[in-house]
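Before any comments, here is the structure.
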Amino acid sequence: MDSSMEQNILVTGGAGFIGTHTVVQLLKEGFKVSIIDNLDNSVLEAVDRVRELVGPNLSKKLEFNLGDLRNKEDIEKLFSKQRFDAVIHFAALKGVGESVGIPRRYYDNNLVGTINLYETMSKWCFHHLRPFMENLRKFHACVEDFQLKALNPYGRTKLFLEEIARDIHRAEPEWRIVLLRYFNPVGAHESGRIGEDPKGIPNNLMPYIQQVAVGRQPELNVYGHDYPTKDGSAVRDYIHVMDLADGHIAALRKLFTDPKIGCTAYNLGTGRGTSVLEMVAAFEKASGKKIPMKVCPRRPGDSTVVYASTEKAEKELGWKAKYGVDEMCRDQWNWTNNNPWGGCRVLDPSSRSLSCMKGKGVIRGCSSRSELESKKEEECGLLSLPDDVALECLSHRFVAESRDLRAMRYRLGKLEPYMYVYMHMYPEDPCPRWFVLHPPATSAQTGAPFELLASGSTSRILLREDGLGVYCIGGLMNDGKPTSEVTFFSAIDHLVYRATPMKMARSGASAKENNKTRLAYEAKLAEANALVASVTGISSDVESKIYSAESKLAEATRKSSELEMRLKEVETRERVLQQERLSFAKE
Ligand SMILES: O=c1ccn([C@@H]2O[C@H](COP(=O)(O)OP(=O)(O)O[C@H]3O[C@H](CO)[C@H](O)[C@H](O)[C@H]3O)[C@@H](O)[C@H]2O)c(=O)[nH]1
C-alpha cells in the first residue's frame with residue numbers, strides 16, 4: 001500500500017483554480033485532503049466537481065471547510081480536529097493591477113492569513129514534522145537564486161512571505177518548507193469540468209480572453225505594445241495547471257522523503273516565453289473564435305519578459321512540464337466552451353422555478369421594461385422588477401462584483417439556499433443597504449449590516465421551489481429616492497447578478513410622500529404575500545410558524561454541534577499530549 005494513503009494534507013484555498021486541480025491529483029495519488037477556503041474568488045460547485053472527477057470512493061477522503069485564514073479561530077478549529085502531515089498553502093489574492101490599487105487588502109489577506117497559519121501549525125504540529133509548502137508566484141527572478149525583486153504590492157507580499165518562511169526555518173530548523181514559484185498558470189483539467197473563472201472582471205490574461213470568446217467581455221485590452229520584445233507585447237512563461245498540480249505532488253514527496261530539505265525554493269514553469277499576442281493567436285487557433293483586441297498603455301507593475309529556469313526542479317524534484325501552449329489553449333477553451341459562466345450552476349430561464357414565478361406574476365409589476373416605462377409611478381408597487389430583467393439576472397446575464405457581498409457570505413458562515421436582494425440608492429445614500437429577503441429569524445441573527453425589507457414578520461417574500469433551491473425576488477420602498485440599480489446575490493452559487501441601472505423598482509421609490517409610499521407599500525405587500533401563498537400553497541401565517549419552529553431547531557442543533565466540537569477538541573488535545581509524551585519517552 002502506498003504510504004501516502006495515510007497522509008493527510010491541508011490545502012488552503014483548495015476551491016480555487018490551482019487548488020482544485022491539485023486536490024484532484026492529491027486524491028488520485030492516495031492522499032487524504034482537507035480544504036479550507038473562504039470562497040472569496042471561488043465557488044463551492046468547483047469542490048463538488050472535484051468530487052465528481054475523482055469518484056465516490058476517493059471523494060470520501062475529501063473534506064471542505066468554509067473558513068478564512070485571517071480568522072485564527074477558523075484555523076484552530078481545523079487543527080484541533082485532526083492531524084495534518086503537510087499543508088499546501090494556496091489561499092491568496094493574486095491580481096497585479098488590483099494590488100496596485102488596493103495594497104492594504106493584499107497585505108492583510110496574503111500576509112496576515114499566512115502568519116496565522118504558521119502560528120497554528122507551530123502550536124499543533126509535532127516538532128519533527130512540519131512540512132509546509134507555499135505557492136509563491138514569480139517575481140522578476142528567473143533562476144531560484146537570483147536576487148529577488150517585486151514590482152508591485154502583490155509581488156511584495158510574496159517576497160515578504162519567502163523571507164518569513166526563511167526566518168522561521170532559521171529559528172526552528174525542524175520545519176521543512178518548499179517554496180514553489182509559479183510562472184503563469186493557465187489551461188484546465190482535460191475533462192473540462194474544472195478551470196479558472198474569477199469573480200468579477202478578470203485581472204489575468206487567459207481568463208479575460210476566455211470571457212471575450214464567450215461574449216462575456218466585448219474585447220481584450222492588450223496592455224503594452226511598445227515593449228522591447230518580438231511583437232511589442234509582454235512575454236510570460238505560461239504553464240498548464242495540470243503540470244503545476246503534478247509539480248506539487250513531486251514537491252510534497254520531496255518534503256516527506258528529504259529530511260534535509262530545509263527551506264527550499266523551486267520554479268514551476270516551462271522555461272519558454274510566449275508573448276501576449278502569441279497567446280491570443282494560439283487561443284484563436286484552438287477555439288476557432290476571433291478575439292477582438294484593443295491596444296492600451298502598459299499596465300502599472302508589469303514587467304517585460306519573465307520566464308523560468310527549470311533545471312533545479314527537474315533535477316531535484318524529478319518534475320518537468322509536459323504541455324505546451326497549444327494544449328493549454330485547447331483545455332482552456334474546452335473548459336470555457338462547456339462552462340461559459342464558470343463552474344457555477346446556471347439557471348435555465350425556462351426552468352420550472354422561473355416559469356412558475358413568472359406565470360403567476362410573482363416576479364411582477366410589469367411584464368416588460370417598456371411596460372414599466374409607461375406605468376404611472378404609483379401603479380408600480382412591491383415586486384416591480386420587470387420579468388425580463390429578473391429573468392436575465394437569474395440566468396446569469398449580469399455578473400457584478402461586490403466585496404461587501406463576499407463579506408456577507410462569509411459572515412453568514414454557511415451556505416444558505418436563498419437569494420438576497422439589495423438596492424443601491426443614490427446620490428444621498430452612498431452605502432448600499434441590505435434588504436435580505438429571508439426568514440426573519442435567520443436574518444435577525446445575522447445582525448448589521450443586514451436589514452429586512454421592513455420591520456415585522458411579514459416583511460419578506462419567500463418562494464419555495466424545486467431542487468434548485470429557494471429564490472426570492474423583491475422590491476423595496478426607499479423614501480422617495482430614485483433607485484439606481486438592483487443586485488442579486490445568489491447564495492446558491494455565490495455569484496452576484498446586477499441589473500443595469502434603469503428606471504425600475506418604483507416600488508415606493510418615486511411616490512412623493514412617505515406616508516403615501518408606506519400605504520402603497522403595505523397594500524402591495526399584502527398582495528405579494530397572497531401571491532406567494534398562491535404559488536407555494538403556504539400562507540404567511542403558516543410560514544411564520546414554520547420558520548419560528550425551524551429556527552429553534554437550528555439553534556438547538558447549533559448548540560449541540562458546538563458541544564460535540566468542544567468534546568472532540570478535548571479528546572484531540574489528550575491524544576496529542578499522549579503522543580508527545582510517548583515521543584519524549586522514546587527520545
Ligand atoms: O486583460 C489583460 C490581462 C493581462 N494582459 C497582459 O498579459 C500579461 C500577463 O498578465 P497576467 O495578469 O495574466 O499575469 P501576470 O504576468 O501579471 O502574472 C500574474 O498573474 C498570474 C496568473 O496567471 C500569476 O498569478 C502571477 O503570479 C501574477 O504575477 C501581462 O503582460 C499583462 O499586461 C493583457 O494584456 N490584458
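In each ligand, atom 1 is the first atom listed, and ligand 1 is the first ligand listed. All values below come from the heavy atoms of this structure, side chains included, with hydrogens, waters and symmetry mates left out.
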Contacts satisfying salt bridge (charged side-chain N to carboxylate O under 4.0 Å, His left out) that involve residues 273-284 (not counting sequence neighbours) are K230-E278, E284-K290
Ligand 1 to A234, heavy atom cutoff 4.0 Å, flagged ligand atoms 31 (O)
G224 near ligand 1, heavy-atom distance under 4.0 Å? no
Checklist entry - Any N or O of Y238 that comes nearer than 3.5 Å to an N or O of ligand 1? => result no
Check: of N204, L277, T229, min heavy-atom distance to atom 21 (C) of ligand 1 comes from N204
Would you mind checking if R166 and E162 are paired as a salt bridge, meaning a charged N to carboxylate O distance below 4.0 Å?
yes
Numbered in order shown, the ligand 1 atoms found under 4.0 Å of a heavy atom of Y208 are 1 (O)
Would you say Q25's side chain and H248's backbone share a donor-acceptor pair under 3.5 angstrom?
no
Exercise for review: Using distance alone, decide if ligand 1 has a nitrogen or oxygen within less than 3.5 Å of any nitrogen or oxygen in L205.
Suggested key: yes
Counting from 1 in the order shown, the ligand 1 atoms closer than 4.0 Å to a non-hydrogen atom of K94 are 22 (C), 25 (O)
Among N221, L93, D302, V306, the residue with a heavy atom nearest to atom 32 (C) of ligand 1 is D302
message: Quick check: do L26 and Q7 have side-chain heavy atoms less than 4.5 Å from each other?
response: no
Numbered in order shown, the ligand 1 atoms found under 4.0 Å of a heavy atom of L220 are 1 (O), 36 (N)
Next on the checklist: Could you check whether E63 and Q82, counting side-chain N and O atoms only, form a donor-acceptor pair closer than 3.5 Å?
Outcome noted: yes
Salt-bridge test for E76 and K123: reply yes if a basic N is under 4.0 Å from a carboxylate O, no otherwise.
yes
Near V222 (heavy-atom distance under 4.0 Å), the atoms of ligand 1 are 35 (O)
Say whether, by atom type as modelled, one donor and one acceptor occur between the side chain of D237 and the main chain of G271 under 3.5 angstrom. yes
For N203, the atoms of ligand 1 under 4.0 Å from one of its heavy atoms are 3 (C), 12 (O)
Report task. Using distance alone, determine whether Y182 and ligand 1 share an N or O pair under 3.5 Å. Result -> no
Residues passing the side chain to side chain contact (heavy atoms under 4.5 Å, CB included) test with V112, sequence neighbours excluded, are R70, D108, N116
